[in-house]
Amino acid sequence: MHKDILKVVLIGDGGVGKTSLRNQYIHKKFTNAYKATIGADFITKEVETDDGKKVMMQIWDTAGQERFQSLGVAYYRGADACVLVYDVNNFLSFQHLERWREDFLKQSSLPTEEARHFPLLMIGNKIDIDDRVVSRRQARAWAEIHSSDKMQIPCFEASAKNGDNVEKAFAHIAKMVKIPQMELDMVDIVAAKKKDKL
Ligand code: G3D
Ligand code: MG
């Protein structure tokens with residue numbers, strides 16, 4: 001299957017700032033007037049991969065069902081990367097990353113080997129608030145435990161409120177997902193053929 005769409009799912013406790021992060025990344029703005037709606041939705045944005053290819057990043061957000069502590073199969077199905085979000089000022093939201101990771105592994109039913117190398121990224125949000133209880137060291141230690149030889153979990157700290165590091169964290173996702181060279185070559189061939197016909 002040709003992968004020119006990257007499905008990225010945001011997971012983490014309610015209130016950690018998933019919706020705000022996505023809004024900051026897509027619209028470069030922060031507002032605290034979001035309404036929890038039912039279901040999930042996604043927004044797409046064009047991003048560049050490590051080797052300069054343009055792909056569409058489809059960012060999924062839960063819109064509130066994380067309160068049921070599980071996001072269901074449909075949310076995770078076909079995901080290419082998973083962003084684990086916690087609030088650096090809320091220790092429980094950091095502890096719950098374990099549970100969110102497990103929910104993802106269970107619902108996505110990836111084969112063990114694939115699950116071990118699946119692209120995960122952590123964002124500790126709300127660094128603009130001066131009440132930190134989760135240190136960078138703790139976050140890195142957790143990431144280290146769940147990383148594998150082929151997949152290191154990057155840890156970002158960000159603020160959806162003032163935009164710090166948000167662009168950087170999302171841009172990094174595109175660089176983590178490996179698109180097989182063969183598929184990229186195919187895109188070039190198809191594009192070249194189209195041009196010939198014109
Ligand atoms: P969620 O989608 O993970 O449930 P939201 O989280 O994006 O809805 O954010 C939950 C609350 O945290 C919102 O406040 C939002 O404004 C606030 N928030 C999100 N990110 C940040 C941040 O980086 N800094 C600060 N200071 N606040 C943030 P309300 O008051 O609407 O509940
Ligand atoms: Mg939300």
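Computed from heavy atoms alone, side chains included, the values below leave out hydrogens, waters and symmetry copies. Position 1 is the first residue of the sequence, and the numbers go up from there. Atoms within each ligand, like the ligands themselves, are counted from 1 in listed order.
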- Task: State whether the shortest distance between N or O atoms of Ala158 and N or O atoms of ligand 1 falls below 3.5 angstrom.
- Result: no
- What atoms of ligand 1 come closer than 4.0 angstrom to any heavy atom of Ala160? 20 (N), 22 (C), 23 (O)
- Item | Nitrogen or oxygen atoms of Gly14 and ligand 1 under 3.5 Å apart | no
- Message: Please give me the minimum heavy-atom distance between Met57 and Val47, naming the atom from each residue.
- Response: CB-CG2, 3.8 Å
- Message: Taking the ring of Phe156 and the ring of His172, is the distance between their centroids below 6.0 Å?
- Response: yes
- Task: Compute whether any side-chain donor of one residue and acceptor of the other, for Thr19 and Asp61, lie under 3.5 angstrom apart.
- Result: yes
- Message: Could you check whether His96 and Trp100 have their ring centres less than 6.0 Å apart?
- Response: no
- Mode of Asp13 contact toward ligand 1 - side chain, backbone, both, neither (heavy atoms, under 4.0 Å): backbone
- Message: Between Phe104 and Phe118 (judged by ring centroids, cut-off 6.0 Å), do the two rings come close enough to count as a pair?
- Response: yes
- Query: Which atoms of ligand 1 sit under 4.0 Å from any heavy atom of Ser20?
  - Reply: 5 (P), 7 (O), 9 (O), 15 (C), 19 (C), 20 (N)
- Query: Under the criterion side-chain contact (heavy atoms from CB on, under 4.5 Å), which of Val16, Asp131, Val134 is the partner of Asn89?
  - Reply: Asp131
- Query: Within less than 2.8 Å of the Mg ion (ligand 2), any N, O or S from Ser20?
  - Reply: no
- Message: I'd like to check whether Asp128 has a polar contact with ligand 1, where a contact means an N/O of the residue lying under 3.5 Å from an N/O of the ligand.
- Response: yes
- Query: Counting only heavy atoms, which portion of Val16 has something under 4.0 Å from ligand 1: side chain, backbone, both, or neither?
  - Reply: both
- Query: By number and element, which atoms of ligand 1 are closer than 4.0 Å to a non-hydrogen atom of Glu66?
  - Reply: 4 (O)
- Message: Please give me the minimum heavy-atom distance between His117 and Lys150, naming the atom from each residue.
- Response: ND1-CB, 3.5 Å
- Is ligand 1 under 4.0 Å from a heavy atom in the side chain of Thr19, in the backbone, in both, or in neither? both
- Message: Using a plain distance cutoff, I'd like to know if Ile129 has any nitrogen or oxygen under 3.5 Å from a nitrogen or oxygen of ligand 1.
- Response: no
- Item | The single option from Ile123, Ile11, Leu121 passing side-chain contact (heavy atoms from CB on, under 4.5 Å) against Leu84 | Ile11
